[in-house]
Amino acid sequence: QHRRRWSLRPGESLGPCLQHAAFGPFISMSSQAATLDATDPLAAYRDAFDLPPGLIYLDGNSLGALPKAARDAVSQTVEMEWGHDLIKSWNSHEWIKLPETVGEKIAPLLGAAAGQVICADSTSVNLFKLITAALQLRPGRNKIVSQVDNFPTDLYMAQGIVEWLGVDRAQLVTASADEMIDNIDGDTALVMLTHVNYRDGKVHDMTRITQAAHAQGALMLWDLSHSTGAMPLALDELGVDFAVGCGYKYLNGGPGAPAYVYVNRRLQDKVTQPLFGWMGHAEPFRFTSTYEPGEGVWRFVTGTPSVIAMQALSAALNVFSTIDLAQVRQKSETLTTWFIDCLADCPDLELISPIRPSERGSQVSFHHPQGYAIVQALAAAGVIGDYRDPGILRFGFSPLYTSYAEAERAARLLRDILNAQTYLEPVFQVRQTVT
């Protein structure tokens with residue numbers, strides 16, 4: 001329902017430093033891109049990443065690029081800590097503390113004080129923990145309210161819980177983004193949403209929806225997988241109850257990087273979760289036969305942490321220690337607006353992301369009936385985006401390593417592919433397993 005034919009009105013300005021419809025031909029836009037890159041306060045951070053020469057990588061909303069520090073950390077962990085120090089490293093290199101150590105590095109990116117974020121398991125597993133915990137905290141209520149096109153794993157977890165507990169104890173109610181608040185009522189235990197929609201990049205009003213949930217006595221769970229590291233967040237300030245997120249998108253922790261859990265401090269002594277793993281025990285190395293939950297958010301740890309993956313994510317997060325997320329967000333808005341402008345009036349493309357920069361995440365999505373083939377043709381030309389059904393081309397912009405010149409060149413190549421209909425070549429029509 002978000003699709004619309006897109007064009008920019010003469011003189012319309014959507015970004016903080018762009019003059020839309022006034023650039024003229026692409027050669028002029030190349031000059032503008034050089035100016036924007038020369039004045040970019042985040043430009044130096046690109047050197048922190050190992051990017052293939054000549055490749056334009058616009059898929060940071062799916063898998064972040066490799067930080068050089070993460071590569072070095074993995075090498076150190078494998079060769080020295082595991083290879084030389086072996087099992088002693090659980091103490092000598094503090095492997096046992098990694099869930100907490102990494103969680104505390106993520107906390108400032110969420111607007112969370114210490115002691116509320118733990119790094120553990122996957123986003124899906126953490127969703128299961130938090131959904132069931134919310135139902136336990138709201139006895140007599142059975143509704144889980146979400147968006148009909150929320151990220152599938154969020155919905156799948158809720159559907160599995162409904163099937164497991166039965167509809168008397170759990171019921172999933174979904175609605176469009178515009179109608180969702182109307183479905184929150186006195187039977188609602190939990191409102192569960194992804195902050196930035198994975199298809200169109202639309203950003204939910206976190207303040208408004210959290211307040212609406214709390215006004216009905218419901219708890220609020222945000223999936224921040226497409227937000228963390230790309231924009232400032234304020235979970236504590238807004239009184240958010242729970243949050244989850246992955247470590248491999250804008251946090252650049254690597255494929256399958258561990259996820260995290262946020263549990264507001266006011267709930268930590270009241271909440272339980274059903275996955276009683278040994279690492280979540282108050283004293284795991286006592287090896288008692290009865291489970292006793294750990295203190296605070298530590299009880300949301302389940303199994304043994306994946307040390308190599310944790311070390312990669314931990315190192316990747318160090319780059320954020322010197323970064324102002326307000327600058328990251330400003331560049332994200334400007335960069336995505338720039339890309340949209342470079343494709344203004346491009347034939348056959350439908351912009352499905354919000355036109356206002358403040359209403360979209362760090363991605364731009366278009367619709368085209370041949371979306372999958374176009375993404376494959378772009379990859380062959382050296383531009384990596386990705387595809388999602390139905391017919392959606394997604395381009396994720398990481399402000400830490402994406403330049404305005406790259407965005408302009410990617411737009412020019414996309415325009416050329418559309419004009420020449422290169423995507424109709426048989427090689428680009430073959431669907432691969434991962435899109």
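These values consider heavy atoms only, across backbone and side chains, with no hydrogens, waters or symmetry-generated copies.
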Inset, instruction - Apply side chain to side chain contact (heavy atoms under 4.5 Å, CB included) to Asp50 and list each qualifying residue two or more places apart in sequence or on a separate chain. - result: Leu66, Lys68, Arg71
Inset, instruction - Please examine the side chains of Ser227 and Leu233, heavy atoms only from C-beta on, and report whether any two atoms are closer than 4.5 Å. - result: yes
Legend entry - side chain to side chain contact (heavy atoms under 4.5 Å, CB included) partner of Ile56, chosen from Ile384, Leu51, Val383: Val383
Legend entry - side-chain contact (heavy atoms from CB on, under 4.5 Å) between Met220 and Ile209, intermediate numbers included: CA-CA 8 Å; Met220 187 72 228; Ile209 296 172; 4.0 Å; yes
Inset, instruction - Kindly compute the distance separating OG (Ser365) from CG (Leu351), expressed to the nearest 0.5 Å. - result: 8.5 Å
Inset, instruction - Grab the two heavy atoms, one from Leu378 and one from Ala410, that are nearest each other, plus how far apart they are. - result: CD2-O, 4.3 Å
Inset, instruction - Give a yes or no on whether the backbone of Val117 and the side-chain of Glu104 come within a donor-acceptor separation of less than 3.5 Å. - result: no
Legend entry - Leu110 side chain near Thr228 side chain, heavy-atom distance below 4.5 Å: yes
Legend entry - Inter- and intrachain pairs under ring-ring contact (aromatic ring centres under 6.0 Å, His included), touching residues 32-56, at least two apart: Phe49-Tyr401
Inset, instruction - I would like to know whether Phe128 and Trp164 meet ring pair (Phe, Tyr, Trp, His ring centres under 6.0 Å); could you show each step before the answer? - result: CA-CA 12 Å; Phe128 179 86; Trp164 173 47; 5.7 Å; yes
Legend entry - Audit row: Arg46, Glu406, salt bridge (Lys or Arg N to Asp or Glu O under 4.0 Å) steps and yes/no: CA-CA 12 Å; Arg46 183 183 175 93; Glu406 288 176 317; 3.0 Å; yes
Legend entry - Pairs where residues 414-435 contributes a residue and the test ring-ring contact (aromatic ring centres under 6.0 Å, His included) is met, not counting sequence neighbours: His368-Tyr423
Legend entry - Expected output: side-chain Arg141 to main-chain Ala170 donor-acceptor under 3.5 Å: no
Legend entry - Nearest atoms (heavy-atom pairs only) where Ala73 meets Ala315: CB-CB, 3.6 Å
Legend entry - Heavy-atom side-chain contact between Phe300 and Asn126 under 4.5 Å: no
Inset, instruction - Kindly determine whether Met206 and Leu235 satisfy side-chain contact (heavy atoms from CB on, under 4.5 Å), including the steps that lead there. - result: CA-CA 9 Å; Met206 186 179 286; Leu235 300 191; 4.0 Å; yes
Legend entry - Side-chain donor/acceptor of Asn183 to backbone N/O of Glu179, under 3.5 Å: yes
Inset, instruction - Would you sort out whether Tyr156 and Asp154 count as a side-chain hydrogen bond (donor to acceptor under 3.5 Å, both in side chains), showing the intermediate values? - result: CA-CA 6 Å; Tyr156 298 163; Asp154 300 55; over 6 Å; no
Inset, instruction - Mark yes or no for whether Asn142, through its side chain, and Val167, through its backbone, hold a donor-acceptor pair below 3.5 Å. - result: yes
Legend entry - Partner residues of Arg431 under the side chain to side chain contact (heavy atoms under 4.5 Å, CB included) criterion, sequence neighbours left out: Tyr372, Tyr387, Asp389, Thr435
Inset, instruction - Answer whether the closest heavy-atom distance between the side chains of Met157 and Thr132 falls below 4.5 Å. - result: no
Inset, instruction - Apply side-chain hydrogen bond (donor to acceptor under 3.5 Å, both in side chains) to the pair Thr174 and Ser146, showing each step before the final yes or no. - result: CA-CA 5 Å; Thr174 59; Ser146 192; over 6 Å; no
Inset, instruction - Look at the side chain of Asn61 and the backbone N and O of Gln363, then say whether any donor-acceptor pair between them is shorter than 3.5 Å. - result: no
Legend entry - Distance in Å, Leu165 CG paired with Gln171 CD, rounded so as to fall on 0.5 Å steps: 13.0 Å
Inset, instruction - State, with a plain yes or no, whether a side-chain heavy atom of Val319 is found less than 4.5 Å away from one of Leu400. - result: yes
Inset, instruction - Would you confirm whether Glu333, through its side chain, and Gln330, through its main-chain N or O, come within 3.5 Å as a donor-acceptor pair? - result: no
Inset, instruction - Tell me, with the steps shown, if Asp386 and Arg394 meet salt bridge (Lys or Arg N to Asp or Glu O under 4.0 Å). - result: CA-CA 5 Å; Asp386 71 11; Arg394 299 196 317 167; 2.8 Å; yes
Inset, instruction - Return the minimal non-hydrogen interatomic distance between Gln147 and Asn197, and the atom names on each side. - result: NE2-ND2, 3.6 Å
Legend entry - Arg409 CZ: over 12 foreign heavy atoms closer than 6.0 Å: no
Inset, instruction - Indicate yes or no: at least one non-hydrogen side-chain atom of Glu81 is less than 4.5 angstrom from one of Gln311. - result: yes
Inset, instruction - Mark yes or no for whether Arg208, through its side chain, and Ile181, through its backbone, hold a donor-acceptor pair below 3.5 Å. - result: no
Inset, instruction - With rounding to the nearest 0.5 Å, note down the distance linking CD1 in Ile144 to CG in Asp187. - result: 13.0 Å
Inset, instruction - Grab the two heavy atoms, one from Gln429 and one from Ala373, that are nearest each other, plus how far apart they are. - result: NE2-CB, 3.5 Å
Inset, instruction - Give a yes-or-no answer on whether the side chains of Asn318 and Lys105 include a donor-acceptor pair shorter than 3.5 Å. - result: yes
Inset, instruction - State, with a plain yes or no, whether a side-chain heavy atom of Leu190 is found less than 4.5 Å away from one of Val145. - result: no
Inset, instruction - Decide yes or no for Thr334 and Tyr404: does some side-chain heavy atom of the first lie under 4.5 Å from some side-chain heavy atom of the second? - result: yes
Inset, instruction - Using a strict cut-off of less than 4.0 Å between a Lys/Arg side-chain nitrogen and an Asp/Glu carboxylate oxygen, indicate whether Arg360 and Asp200 qualify as a salt bridge. - result: no
Legend entry - Lys331 side chain to Pro399 backbone, donor-acceptor under 3.5 Å: yes
Inset, instruction - Output the distance between atom CG (Leu221) and atom CG (Leu127), rounded to the nearest 0.5 Å. - result: 6.0 Å
Legend entry - Considering all heavy atoms, the nearest Ile184-Thr188 contact: CA-OG1, 3.6 Å
Inset, instruction - Could you tell me which non-hydrogen atom of Asp223 sits nearest to which non-hydrogen atom of Gly245, and how far apart they are? - result: OD1-CA, 4.4 Å
Legend entry - For Phe397, the option from Tyr250, Tyr57, Trp338, Phe339 that meets ring-ring contact (aromatic ring centres under 6.0 Å, His included): Phe339
Legend entry - Side chain Thr77, main chain Ile308, donor-acceptor under 3.5 Å: no
Legend entry - Between Gln268 and Gln116: side-chain donor-acceptor atoms closer than 3.5 Å: no
Inset, instruction - Please assess Leu130 against Gln273 for the test side-chain contact (heavy atoms from CB on, under 4.5 Å), listing each intermediate value before the final yes or no. - result: CA-CA 7 Å; Leu130 291 177; Gln273 60 98 358; over 6 Å; no
Legend entry - Arg199 (side chain) donor-acceptor with Ser353 (main chain) under 3.5 angstrom: no
Legend entry - Residue pairs, two or more places apart or on separate chains, that pass ring-ring contact (aromatic ring centres under 6.0 Å, His included) and touch residues 196-237: Phe151-Tyr198, His195-Trp222
Inset, instruction - Given side-chain contact (heavy atoms from CB on, under 4.5 Å), test Tyr260 with Leu109 step by step and report yes or no. - result: CA-CA 12 Å; Tyr260 64 83; Leu109 307 181; over 6 Å; no
Legend entry - Counterpart residues, salt bridge (charged side-chain N to carboxylate O under 4.0 Å, His left out), relative to Lys129 (two or more places apart): Asp121
